[in-house]
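Numbered from 1 within each chain, the chains take letters A, B, ... in sequence-line order.
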2 protein chains.
Amino acid sequence: MDMKFDLAQIAPPPHVAFPMSAPMRACAAGSCDQCGVRDRAICADLPSGDREALSQIGRRVALRAGQTVMWEGDDSMVVANVIEGTLKLSTSLGDGREQIVGVVYPSDFIGRPFGTLTPHSVTALTDARLCLFPRRAFDGFARSHGALQHRLLARTLDDLDRTRAWMLLLGRKSAREKVATFLLDMGRRLPIDRDGTIELPLSRQQVADILGLTIETVSRQMNEMKRLGVIALPGRRGVRLIDAVALEAMAGGD
Amino acid sequence: MDMKFDLAQIAPPPHVAFPMSAPMRACAAGSCDQCGVRDRAICADLPSGDREALSQIGRRVALRAGQTVMWEGDDSMVVANVIEGTLKLSTSLGDGREQIVGVVYPSDFIGRPFGTLTPHSVTALTDARLCLFPRRAFDGFARSHGALQHRLLARTLDDLDRTRAWMLLLGRKSAREKVATFLLDMGRRLPIDRDGTIELPLSRQQVADILGLTIETVSRQMNEMKRLGVIALPGRRGVRLIDAVALEAMAGGD
DNA sequence: CCGGCGCTTTGACAGAGGTCAATGCAGGGG
DNA sequence: CCCCTGCATTGACCTCTGTCAAAGCGCCGG
């Protein structure tokens, strides 16, 4: 189980245009009216006056793939809505072993409100845009707006359910079952183009870090499924789910 | 990874006095004033009038070890505060493989408010007492009492953090590290008697179901630690942590 | 269009942990 | 107080997945 320490997790690989230490760039302010996640984010059912007030507290920010927004263990300074892009939540052991504990998509909420410590790092997997709030200001706003707090609670309860379901995968599923479950999950969450192909926002290493496997095992399982005709693997990050029924069977009940 | 189907998970073992199908027994009503978790449960900082109103919605219930309060997949009918005892939250695969996704103690909250499905089963590990509420009535009450909802949110956020931290253990730690981490965690949460011994509320199988291991691996790891003089194992469920520093080292960073 | 970098794949091998099968033993019931 | 039941321990073995190493090949930059 001793995995080799992976330098890439500390220093950004050279091809990452914006190193993780790059400051977040402000981007076109844009009012809530034209926000792409206006009716799905936690601010959705605020009266529009309140929503604008909340908007005043925050700012729009753009991220490049690879940039880290928050670091595990740091003070919790900001929270945010994801407007666009995909990000990962991750924790790691002292020796570099990493576990991705969540993947978030547009309209999801990130950061740790009502708490002082950031429990996990948040890193952009693709270029992304956030609606970022100072944590204390957000906390204060939420405390005085029941609707917002209710929405945040509902979302947190959902996250907790999903996270606990994932524990079953981590603790009890075989490599084959893990990979099949993962692919089905991505098929549900990512846009599917007309020939049924999805573009994973993750490298093989990151898939491994989600499933609690090594990169080699993930690669072997996926190529074995390809050999069986259950999936196709066009390009480095493409996956076409050819036989979803067979995949479901491989995913092992639930 | 094919674990043998365990009958005990369907039918209660013969020594369980109250089979899981036994109805929950009402017990001495007791007002909130003399409730042992009054100042730690989510109802703690309600004005006492509101708290009594909430109390009217609910009822006190007693459980025997082994009884299941809620079943994974059932409609979400009730939620509850744990007054006394220890309970497990668990999910399982169709073939009987099980993962314990949480262990709850007095003052913790269980059940799925604001949702229609129970995401995991809840089973008493020891005899226990609950303050049980019909879910819909609780939801309604919570919606109109910001303080309660805030407290529930804070607790859910904490649960989510703990759960995600546990994913790192499930996905990335070795058997040795898992067992060491588990023992330290129990040492923090359970009462310690004067000679430093704790009484686990869990069988070896249940420990295995928390850690994503088999019963044999758990047993081997614990006895190996005993051989190393790091812990002692008095009786079937007793554990004395002799060398906490060594245990910390075995638990592997974080 | 080509070259090279780094991710991905593939192979050979090792070892952690699962499986199967006794045996031991704690603790409740008679 | 002793027996019996079922959990826990121990051993032998084997498989799955991790480790180490090398080769393949997308994809970006020039």
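With Q99(B) contributing its side chain and D209(B) its backbone, the two residues share a donor-acceptor pair below 3.5 Å. The backbone N or O of T86(B) lies less than 3.5 Å from a partner atom in the side chain of T126(B), making a donor-acceptor pair. Using a distance-only test at 3.5 Å, with no hydrogens or angles considered, no donor-acceptor pair links the side chain of N81(B) to the main chain of I83(B). No donor-acceptor pair under 3.5 Å is formed between the side chain of Q221(A) and the backbone N or O of V218(A). Here the side chain of T163(A) pairs a donor or acceptor atom with the backbone of D159(A) at under 3.5 angstrom. Side chain of D108(B) to main chain of I110(B): no donor-acceptor pair is present (N/O by atom type, distance under 3.5 Å, no hydrogens or angles).
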Tabulate protein N/O versus nucleotide N/O from nucleotides 23-28 of chain C, keeping only pairs under 3.5 Å, one per line.
from, atom 1, to, atom 2, distance (Å)
dA26(C), N3, R236(B), NH2, 2.9

Sort me out a list of protein N/O and nucleotides 2-4 of chain D N/O pairs below 3.5 Å, or just none if empty.
none

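The only member of L93(A), L170(A), D95(A) that meets side-chain contact (heavy atoms from CB on, under 4.5 Å) when paired with R172(B) is L93(A).
Close to dG17(C), at under 4.0 Å from its OP1 or OP2, lies no side-chain N or O of T217(B).
Contact of the D161(B) side chain with the L117(A) side chain is not registered, since no non-hydrogen atoms from C-beta on lie closer than 4.5 Å.
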Might you work through the salt bridge (charged side-chain N to carboxylate O under 4.0 Å, His left out) test for R97(B) and E177(A), ending with a clear yes or no?
-> CA-CA 13 Å; R97(B) 280 175 285 173; E177(A) 292 170 327; 2.8 Å; yes
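Bending across the helix from dC1(C)-dG30(D) to dG30(C)-dC1(D), expressed as the angle between its end axes from five pairs apiece, amounts to 40° (10° rounding).
Between R176(B) and R204(A), it is R204(A) whose nearest contact on DNA chain C lies nearer the 5' terminus. Looking at which nucleotide of DNA chain D each of N223(B) and Q221(A) is closest to, the 5′-most match is held by N223(B).
Summarising the geometry, the separation between CD on E199(A) and C1' on dG26(D) is reported as 12 Å, rounded to the nearest angstrom. dG6(D) atom C1' lies 14 Å from atom CD of Q206(B), rounded to whole Å. With rounding to whole Å, K173(B) atom NZ is found 17 Å from dA16(C) atom C1'. Rounded to whole Å, atom C1' of dC16(D) lies 16 Å from atom CZ of R172(A). Between the CD atom of E177(B) and the C1' atom of dA16(C) there is a distance of 12 Å, rounded to whole Å. Distance NZ (K226(A)) to P (dT9(C)): 7 Å, rounded to an integer number of Å. Taking atom CE of M222(A) as the reference point, atom C1' of dT9(C) lies 12 Å away to the nearest angstrom. Distance CG (L233(B)) to P (dC7(D)): 18 Å, rounded to an integer number of Å.
Evaluation of atom-type donor-acceptor distances gives a pair under 3.5 Å for the side chain of R220(A) against the base of dG11(C). For E216(A) against dC20(D), a side-chain N or O and a base N or O form a donor-acceptor pair under 3.5 Å.
Comparing dG18(C), dT8(C), dG18(D) by their nearest atom to the side chain of L213(B) picks out dG18(C).
Under a cut-off of 6.0 angstrom, the local environment of CZ in R240(B) is crowded, with over 12 non-hydrogen atoms contributed by other residues, nucleotides or ligands.
Heavy-atom minimum distance, E72(B) versus S92(B): OE1-N, 3.2 Å. Shown here for V79(A) and R112(A), the closest heavy-atom pair between the two residues is CG1-N, 3.9 Å.
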